[in-house]
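Every chain is numbered from 1, with letters handed out A, B, ... down the list of sequences. The structure presented is a predicted model; accordingly, all values stated were derived computationally and were not measured.
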Amino acid sequence: MIKRLRESLAAHIKEKYGVEISVALEKPPKLEMGEAASPVCFELAKRLKRAPRQIAQEIATGLPAIPGVARLEVAGAGYLNVFLDRGTFWQSLFDSKSAAGQAKDAAAHKVIVEHTSINPNKAAHIGHLRNAVLGDTIARILRNAGERVQVQNYIDNTGVQVADVVIGFQHMEKKSVADVRTMAAQPGFDYLCWDLYARVTQFYEQDKAQGAALRGATLRAIEEGHGEAAEMGTIIADAIVGFHLRTMKRLTISYELLARESEILHLKFWDAAFAKLKEAGAIQLATTGKMAGCWIMPAEKDGVTREDTESAQHEEEENTQDKIIVRSNGTVTYVGKDIAYQLWKFGLLGKDFNYKRWPDSPAGETVWTTTTDADDPAAPHFGEPASRVYNVIDTRQSYLQDVVAQGLRGLGHAEAAANSIHFSYDIVALTPRCASELGHQLSREDAKKPYVEVSGRKGLGVKADDLITKLEEATLAEVQKRHAEMTEDEQKATAHTIAVGALRFFLLKFTRTTIIAFDFEDALSFEGETGPYCQYAVVRIRGIRRKGAEAEPGKATAQAAKFLVGPEGAGLWELLLQAGMLDYASDAAIGAQEPAFVAKYAFQLAQAFNNFYHKHHILSEQDVEKRAFLLGLTEIVERQLVKALSLLGIEAPERM
RNA sequence: GCGCCCGUAGCUCAGUUGGAUAGAGCGUCUGCCUUCUAAGCAGAGGGUCGCGUGUUCGAAUCACGCCGGGCGCGCCA
């Protein structure tokens, strides 16, 4: 409706004044001023050199009728205030029943969302959860908007972090491949690796030269895929991926494809990308300077290069800005592999993986992985080119994501580069109090800071499973208190649903650029702007509907317009309007790449409902028509709120 | 040094195509459970939107310059 209004206004203005203009629409400060307002006449006034109020008046009277819009009014210095037809609005919302978002278009281009992508060498922590929850949520929002989304999780199973843990087992713990295989099958292996990884860092400190040598040799063995180190690396990485999948499953996060670095290497993806980059001249072999022998991507210079004084000095400096893609020893850096992977995502590499089912996927789920083994013909067509790619990666890697995009541009794929979206977000840090609660010794400087950075290397961080468990315990205690009548299983299921709601909402309510200073107290809060608050509103509605049976749609709709006007109707109208704005919020979330918009919407709708709940006692309403109307309204609110929460990956329990 | 991000109420944050009186949650204080679940509601208090200049009919929002904080710039990922 908003879209239609915008178009009609723009068309009318073009016809009447011959001015092409994008019509801005905003929410008026007060509901008495209408449901939407446009300051477009101020802009027109400037172009036409006439008084804004006068133009507004002309448009208000001259604009042909728009379905769903009751009238336009001129307000203030020249605002156009729009008043919707409340009965029509109710009708369309009530009739949209179970219309699941916008219709899914089978012909839609594929969109890839890559998220999680945790190094498979230790348990997941709270920072990884922000990544996974953001990625999972934007994927849900895009799907709901009709996009064909494929979710991938990149597994760096041949990287240095895996190598570090291998070194820990081999050289510190003196474990054999068989030992590690046994340990990896046990619960808690991910936690064991967490601790070991932190100790390896200290181990390196003792003899830096030896550490570096060990690391280089182990990494090379793992990359080439032979020897005990490689075997151990595979066991560790595969096992840890299994732990990660189960952790994420607890938050209803799943994946279609695990794209592994081992296949990028062994199926020669990098070689193919390397050849293309060389051919296009996107990378160059450095012959002098400290990068001699490396293949580098020259730093992109924006604007004019300065050729004046101290040119030698400058060149020297600029050279250090170049990005090394292939090291002088011939091994490729992470960015290089990422360029190959990104090319594949857009179908520009000219190669494809083989696929097989991941053997260790969570119960009831099929997850696929890349493989050098025989291709399973039942696998979905993962190699189909994507039209857009969202890479959910923290903001510290912005520079590297730019290099990847630069690589695409260098190969002449400007469009793919433009459709490579670095869906960036800032870190989750710990409040100093939280860090010391975890037993971390704070330096004097750290204690003064507002937050302390999580560090896998130091083993400092809140492990994802610990946090989820802690939340479940807290919610379970509360559920037991309130619902002694439930079976133990019901109590646990309810507590779990609430815990997930609390955690996901907590991670989603902040915009992406906000550093979250994590504290158990905030995360364990169930009051105010939280997931449970939103869930509670749904639970209240369900309670009413259990006792009040179904609304009678015919009766409710016939009388709706009557109840939505006047001083008493204003509040009801406000709630209905808020309920109807979900698509708007979802579109805004996609446009701004900001899932927090949907979280904000859900909270505001829940808030509007709670307000309504206290003003109107539905079941004791004597007026039969009004009762039917109020029930109908709660039905609409429930549907929209449940939908909004589902976009956030949050379910509402029946009782809580 | 260069690049990116941030600075809004006591605290944590919204305010993203520039728009009408700058909002929410938490915390504090005051009320509200024999009535659909109080994980709730109502009310009070709380602001030089870091500072300055500029653009504009209009700036928390845009530009430039400062101040303060964070991150990145590695033959790590």
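Using a 4.0 Å heavy-atom distance criterion, E527(A) is classed as a sugar-phosphate-only contact. Using a 4.0 Å heavy-atom criterion, one finds that G543(A) contacts the sugar-phosphate atoms exclusively. Base engagement by T511(A) is indicated by at least one non-hydrogen atom pair under 4.0 Å involving a base atom. Within 4.0 Å (heavy atoms only), H616(A) reaches at least one base atom of the nucleic acid. Base contact: L400(A) has a heavy atom under 4.0 Å from a base atom.
R327(A) has a side-chain polar atom (N or O) that falls below the 4.0 Å cut-off from OP1 or OP2 of rC76(B). Residue R512(A) places none of its side-chain N or O atoms closer than 4.0 Å to OP1 or OP2 of rC5(B). Taking only side-chain nitrogens and oxygens, S525(A) never comes nearer than 4.0 Å to OP1 or OP2 of rU12(B).
The gap from the C1' atom of rU17(B) to that of rG74(B) amounts to 40 Å, rounded to the nearest Å.
Contact annotation: side chain of K46(A) to base of rU56(B), donor-acceptor pair absent below 3.5 Å. Applying the 3.5 Å distance criterion, the base of rC4(B) shares no donor-acceptor pair with the side chain of S398(A). Taking only distance into account, the side chain of N81(A) meets the base of rA20(B) through a donor-acceptor pair shorter than 3.5 Å.
Counting only heavy atoms from C-beta on, Y613(A) has its side chain closest to rC36(B) among rC36(B), rC57(B), rC75(B).
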**Message:** Dot-bracket for RNA chain B, please. Rules: Watson-Crick or G-U, both distances under 3.5 Å, ( ) within the strand, [ ] when a pair crosses earlier ones, | for another strand, . otherwise.
**Reply:** (((((((..((((.....[...)))).(((((.......))))).....(((((..]....))))))))))))....
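Syn is the glycosidic conformation of rC33(B), whose angle stays within 90° of 0.
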